[in-house]
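Contents: one structure, followed by commentary.
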Amino acid sequence: MKTNWVKTNWLVKKIFSKYIWEIPNNEKKVYLTFDDGPIPEITEWVLGQLESYNFKATFFCVGENIKKNPEIFKKILTNGHVVGNHTYNHIKGWNFDTKTYIENIYLFEQEWAKHTSERCYLFRPPYGKIKPSQSKILRKLGYKIIMWDILSYDFEQTLSPEACLDNVIKNITSGSIVVFHDSKKSFTNLEFALPKTLDFLKKNGYQSALIH
């Protein structure tokens, strides 16, 4: 699956229609998502930015990062955000057999269960790479596989912060699922683009919504 578009191509969405790429609505609701945390300082900074604009988001967390930073993970939940499974070790589905991949997702579930009794049923495959056999099992287990409408490319270190911002605000529409990353690699771009994105959304009448 090619995912090198800023805005995911309509044909990809049609071919892989069992995945969730956007959530259409007429209420100017958008779905902000953050991958790869929780990370000390960075995730907490993101939470502060969201709070200052009264926006909510969905965090696709890595299990080993939850284990390392349980207090930050709890803060995501207590601040009213939603968490999804991003595997335990941030592994690429294409590089692993299905059994190993599913086991890694279960490892996330085991870590998750130490902190909350709620069921985690949202899943985003790292790098957007997942085999049909892996997807089929996850969907049978009740997972919704969440992809994206807009990829900010905040992780691309050759991209300027201004271009990262443009990737989002020039492509966002009602129902868009937008990907940012609360990671060290992405922070230079994120620190610039996120506050300006939130300001743009607020000024243009967009509301944040959570993925359920």
Side-chain angles (χ1 to χ4, degrees), residues 1 3 5-38 43-61 75-86 116 118-125 128 135 138-139 142-154 161-182 186 189-212:
M1 179 193 317
T3 56
W5 295 283
V6 170
K7 191 168 181 74
T8 304
N9 186 280
W10 67 270
L11 185 58
V12 171
K13 295 177 183 178
K14 184 175 181 179
I15 292 171
F16 297 97
S17 60
K18 291 176 179 170
Y19 304 158
I20 298 172
W21 298 92
E22 57 193 341
I23 304 175
N25 64 82
N26 297 316
E27 303 169 74
K28 296 194 81 170
K29 289 181 179 178
V30 295
Y31 299 82
L32 302 178
T33 69
F34 295 86
D35 288 5
D36 302 349
T43 302
E44 292 166 300
W45 177 85
V46 169
L47 291 172
Q49 292 298 312
L50 293 170
E51 184 176 11
S52 68
Y53 284 90
N54 196 28
F55 269 50
K56 299 298 181 185
T58 304
F59 288 77
F60 288 91
C61 294
K75 190 178 292 186
I76 293 172
L77 296 176
T78 57
N79 283 18
H81 304 290
V82 167
V83 170
N85 188 326
H86 203 43
T116 174
E118 298 290 327
R119 166 77 200 280
C120 182
Y121 55 89
L122 302 178
F123 178 76
R124 173 174 285 161
S135 166
L138 288 175
R139 286 183 286 109
Y143 276 102
K144 295 178 182 179
I145 298 178
I146 311 298
M147 294 299 202
W148 55 82
D149 178 47
I150 296 170
L151 188 60
S152 69
Y153 278 96
D154 52 358
E162 292 81 6
C164 177
L165 173 64
D166 283 348
N167 283 346
V168 179
I169 65 174
K170 290 185 176 180
N171 290 287
I172 200 161
T173 56
S174 184
S176 288
I177 297 174
V178 184
V179 181
F180 289 106
H181 294 78
D182 50 334
S186 303
N189 286 335
L190 182 69
E191 187 177 26
F192 177 87
L194 181 58
K196 288 179 170 53
T197 296
L198 295 173
D199 189 60
F200 171 86
L201 294 174
K202 185 70 74 175
K203 287 179 177 176
N204 286 275
Y206 285 97
Q207 306 173 56
S208 68
L210 296 169
I211 302 173
H212 292 289

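Taken from OH in Y206 to CD1 in I172, the straight-line distance is 6.5 Å, to the nearest 0.5 Å. The structure places OG of S135 at 13.0 Å from OH of Y143, a figure rounded to the nearest 0.5 Å. A distance of 13.5 Å separates NZ in K202 from OG1 in T197, rounded to the nearest 0.5 Å. Here the NZ-CZ distance, from K170 to F200, works out to 10.5 Å after rounding to the nearest 0.5 Å. Considering CG of L47 and CG of D182, their distance stands at 8.0 Å, rounded to 0.5 Å. Once rounded to the nearest 0.5 Å, the distance linking CD of Q207 with CG of N54 reads 10.5 Å.
Take D35 and apply the side chain to side chain donor-acceptor pair (under 3.5 Å) test, not counting sequence neighbours, and it matches R124. Scored by the salt bridge (Lys or Arg N to Asp or Glu O under 4.0 Å) test, K28 finds no partners at all (sequence neighbours excluded).
For P125 against I145, the heavy-atom pair with the smallest separation is CD-CG2, 4.0 Å. The minimum heavy-atom distance linking N25 with E27 is given by the pair OD1-N, 3.0 Å. Shortest non-hydrogen contact noted between S176 and D149 is OG-OD2, 2.6 Å. Minimum heavy-atom separation, I211 to I23: CG1-CD1, 4.2 Å. The two residues G80 and L210 come nearest to each other via the heavy atoms O-CD1, 3.5 Å. When all heavy atoms are compared, the tightest approach of N79 to K56 is O-NZ, 2.5 Å.
At least one side-chain heavy atom of L190 sits under 4.5 Å from a side-chain heavy atom of V46. A heavy-atom distance below 4.5 Å is not found between the side chains of D166 and V6.
Summarising the local packing, NZ of K13 is surrounded by more than 12 heavy atoms from other residues, nucleotides or ligands at distances under 6.0 Å. Applying the 6.0 Å contact sphere to CG of N26 captures no more than 12 heavy atoms from other residues, nucleotides or ligands. More than 12 heavy atoms of other shown residues, nucleotides or ligands fall within 6.0 angstrom of atom CD in E162.
Using cut-offs of 30° and 60° on the angle between ring planes, the pair F59 and F34 is parallel. Taking the six-membered ring for Trp and thresholds of 30 and 60 degrees, F16 and Y19 have nearly parallel ring planes, at less than 30 degrees apart.
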### Query
Would N167 and S152 satisfy side-chain hydrogen bond (donor to acceptor under 3.5 Å, both in side chains), going step by step from the backbone distance to the final call?
CA-CA 6 Å; N167 283 346; S152 69; over 6 Å; no
